[in-house]
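Below: one structure, written as structure tokens.
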Amino acid sequence: MNKNTIDVKTGILFPWPFLFLAVILLIVSVSLIAAKTVVAIVLAIGSMVVLSGYSGIEIDTSQKVYREYMSFLFIKSGKKISYDGIEKIFINTSKVRRQMFTAHTTKSSIYSNVEFNGYLKFDDGTKVHLLSKRQKEKLIKHLNKIAAVLQVQIEDNTASV
């Protein structure tokens, strides 16, 4: 990659229970490699697909193209889309609610958090999600690096939350 390309990893594709199961299956596949080679290889490849899955956005400012991609086994797939210009990066808030159920009762708890989201806005009005963080300072730190490469301003649309 050249210095005009920026790659932002937006997040993992699988929730933590799948990642935990993939680690367990990877350990099992290592122990099975001598006895059942084919089964061990299939389990290892499946585990590696889950563990290496993430999404992101790649922006090439020299060719003026971007692509939102998904990556498995470090192979990125996604369609390149051209753009005329980048207007700005902006920050919004969102309220996230998670409902957690206990294993042995019918009771649940609801946890609410405020998350800060960074978006990239192109000249044609297209908006692309870049990053989410619970702490605004951490999000701004990451977005400042992106804004420096893209040579755009960061607009904060959040009230002092």
Side-chain angles (χ1 to χ4, degrees), residues 1-63 65-81 89-120 126-150 154 158 161:
M1 288 203 196
N2 59 30
K3 63 182 178 180
N4 296 328
T5 302
I6 186 162
D7 187 2
V8 181
K9 292 176 177 76
T10 57
I12 57 176
L13 292 176
F14 297 99
W16 72 266
F18 286 99
L19 297 174
F20 181 73
L21 182 62
V23 169
I24 299 292
L25 289 177
L26 189 61
I27 292 168
V28 168
S29 71
V30 169
S31 66
L32 287 177
I33 196 76
K36 302 199 184 251
T37 308
V38 174
V39 173
I41 290 172
V42 169
L43 286 176
I45 291 172
S47 297
M48 294 305 291
V49 166
V50 171
L51 290 173
S52 67
Y54 66 91
S55 63
I57 182 169
E58 194 173 57
I59 304 164
D60 187 348
T61 56
S62 63
Q63 296 181 5
V65 294
Y66 74 96
R67 74 170 170 168
E68 294 180 274
Y69 65 83
M70 288 190 282
S71 174
F72 297 99
L73 297 175
F74 308 107
I75 299 170
K76 298 174 185 174
S77 64
K79 182 181 172 189
K80 289 188 177 183
I81 302 169
I89 294 175
F90 64 96
I91 302 170
N92 285 345
T93 59
S94 63
K95 191 169 185 177
V96 178
R97 293 175 46 137
R98 292 181 179 89
Q99 189 170 9
M100 305 290 278
F101 292 94
T102 58
H104 302 290
T105 65
T106 59
K107 302 204 183 228
S108 67
S109 297
I110 297 175
Y111 299 98
S112 296
N113 291 16
V114 173
E115 282 191 354
F116 296 92
N117 300 302
Y119 294 91
L120 182 64
T126 305
K127 297 173 191 132
V128 178
H129 182 262
L130 290 175
L131 295 169
S132 292
K133 299 280 183 193
R134 286 189 184 176
Q135 294 179 347
K136 186 176 177 180
E137 295 79 25
K138 287 184 179 181
L139 178 66
I140 290 174
K141 182 179 175 183
H142 287 288
L143 291 179
N144 279 332
K145 294 175 187 175
I146 297 168
V149 173
L150 299 177
I154 297 175
T158 62
V161 178

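Just so it is clear, the values below take in all heavy atoms, side chains as well, and ignore hydrogens, waters and symmetry mates. Position 1 is the first residue of the sequence, and the numbers go up from there.
Within the 4.5 Å cutoff, side-chain heavy atoms of L120 are placed close to those of I59. Considering only heavy atoms from C-beta on, K141 stays 4.5 Å or farther from K133 through its side chain. Between I41 and I45, some side-chain heavy-atom pair lies under the 4.5 Å cut-off. Within the 4.5 Å cutoff, the side chain of S77 has no heavy atoms near those of the I75 side chain. L131 has its side chain within reach of I146: a pair of non-hydrogen atoms, C-beta onward, lies under 4.5 Å apart.
I12 CD1 to S71 OG: the interatomic distance, rounded to the nearest 0.5 Å, is 13.0 Å. Rounding to the nearest 0.5 Å places CG of L139 at 9.0 Å from CG of L130. Taking OH from Y54 and CZ from F74, the interatomic distance works out to 7.0 Å, rounded to the nearest 0.5 Å. For the atom pair OG of S55 and CE of M70, the computed distance is 8.0 Å after rounding to the nearest 0.5 Å. A distance of 4.5 Å separates CD1 of I91 from CD1 of I140, quoted to the nearest 0.5 Å. How far CG of L19 is from CD1 of I24: 12.0 Å, rounded to the nearest 0.5 Å.
Using cut-offs of 30° and 60° for the angle between ring planes, the F18 and F14 rings count as tilted. Between F90 and Y119, the angle of the ring planes stays under 30°, which puts this pair in the parallel group of the 30/60° scheme.
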Test salt bridge (Lys or Arg N to Asp or Glu O under 4.0 Å) on D60 and K80 and set out the steps.
CA-CA 10 Å; D60 187 348; K80 289 188 177 183; 6.0 Å; no

